[in-house]
Amino acid sequence: MIYLDNAATTKPCRECVEAVSAAMNDCYGNASSLHKMGTVSINLISRAKQAVLKGLALGNPPLEGEVIFTSGATESNNTALFGANLRKGKIVTTAMEHPSVARVIDKLEEKGSEVVRLAPKNYSDFEGALIDSVDEKTSLVSCMAVNNETGFAVDVKRLYKGVKVKNPRTLVHIDAVQGFLKIPLDGDLISVSGHKIHASKGIGALYIKKGVTVSPLLFGGGQQKNLRSGTEAVELIAGFEAAINAYRYDYEYFSALKEKLLAELVKIKDISINSGEKCLPNIVNFSVRGVRSENMLHSLEQYDICVSSGSACSKGKTSKVLAAFGVSDKDADSAVRVSLCHNNNEEEIAFLCEKITETVKRIRR
Ligand code: PMP
């Protein structure tokens, strides 16, 4: 199998699988139990929190604040946005957000918040435009770190600083699912997900900066300082920690693979590349005119190649997110996303290019 759909999900790494298995055998105590086994679980969770804090900062001093473990980034985003105790006011966000942010902001808009949505296609300096939109009424800025469909990356640290200069009371939420461990992050609330970094599905985290208060989404036993009730998934948390510690993002390696892929793709007539220069090199989105995404996908599938049309979450629906990057509806209908991880290599890219070229010839004949 040539798996090139790592923005949808990743294969759990060996370190994660071993840590989950070890925790299932040895750390099965409930973290709320007062006996020794409870303490073992509490210690494991504390260690994993430190790994998340360190991972968010990526080489800079670890961020300060609280980390709560969740079922994934959808829950983290919902908790952050519904729980942020927003004063009614203006929300500044983008037209490229994942539905787990976009739909929540739609709800907040229905409840009376004014919402401004900026599309990257309209600005050469996107961070600057977001910062400029903040005024004294702005209660929240929510912006993803890296777009899941194109790889477009935001300078999150600059955004955070700039917003705070404009209005120190504005909260900044970052959906960092595709940016975690790839770019340095900062924010008042940051959402991450395990299954995008070679941990398992069903585990994520929400970072809450020191001094920021959030109301819980889930009520019950009061676990995790009353911020997220429910028995902690110790085994999945162990796997998450192991995957964070094992993760390496090699920008040069992905750039070389992207270059190789683009060098072949540009030979195809009527192709447009939807991942521009501000995009991280592990995600490459392109449209071959006249070849619908699903036809390309199923053709490549016959050779055991897994790629995606836009994002897996949009399940075949034409991506509105691509429009935010200036991609026409017609091109969005032909969009293919190749998303890489460190397990991919040049031979796989060469084979992919060969099969894409064959498919285009066959369908356009
Ligand atoms: N945000 C982004 C940018 C994503 O790519 C995804 C997953 N496709 C999510 C949020 C949702 O994450 P999860 O699957 O952990 O709920």
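Both counts, for ligands and for their atoms, begin at 1 and track the order of listing.
The two atoms that bring S287 and A335 nearest to each other are OG-CA, 3.7 Å, heavy atoms only.
The shortest N/O to N/O separation between M144 and ligand 1 does not fall below 3.5 Å. Backbone and side-chain nitrogen or oxygen atoms of N77 are examined, and none is located within less than 3.5 angstrom of a nitrogen or oxygen of ligand 1.
Around CD of E358, the count of heavy atoms belonging to other residues, nucleotides or ligands within 6.0 Å exceeds 12.
Heavy atoms of G204 come nearer than 4.0 angstrom to ligand 1 in no pair at all. Not a single heavy atom of K201 lies less than 4.0 angstrom from ligand 1. At least one heavy atom of K196 lies less than 4.0 angstrom from ligand 1.
The H195 neighbourhood of ligand 1 comprises atoms 13 (P), 14 (O), 15 (O), with distances under 4.0 Å to a heavy atom of that residue. Of all atoms in ligand 1, numbered sequentially from 1 with element shown, those under 4.0 Å from a heavy atom of T74 are 11 (C), 12 (O), 13 (P), 16 (O). Taking a cut-off of under 4.0 Å to the non-hydrogen atoms of G72, the atoms of ligand 1 that pass are 15 (O).
A 4.5 Å side-chain heavy-atom check between D106 and V115 finds every atom pair outside the cut-off.
Between the CD atom of Q302 and the CG atom of L297 there is a distance of 11.5 Å, given to the nearest 0.5 Å.
In this structure, Y3 has no side chain to side chain donor-acceptor pair (under 3.5 Å) partners at least two apart in sequence or on a different chain. Qualifying ring-ring contact (aromatic ring centres under 6.0 Å, His included) partners for F69, counting only residues two or more places apart in sequence or in other chains: none.
In S100, the part holding a heavy atom less than 4.0 Å from any atom of ligand 1 is the side chain. Within the 4.0 Å heavy-atom criterion, the part of D175 lying near ligand 1 is the side chain and not the backbone.
Y303 carries K355 over the face of its six-membered ring, with the cationic atom under 6.0 Å from the centre and within 45° of the normal.
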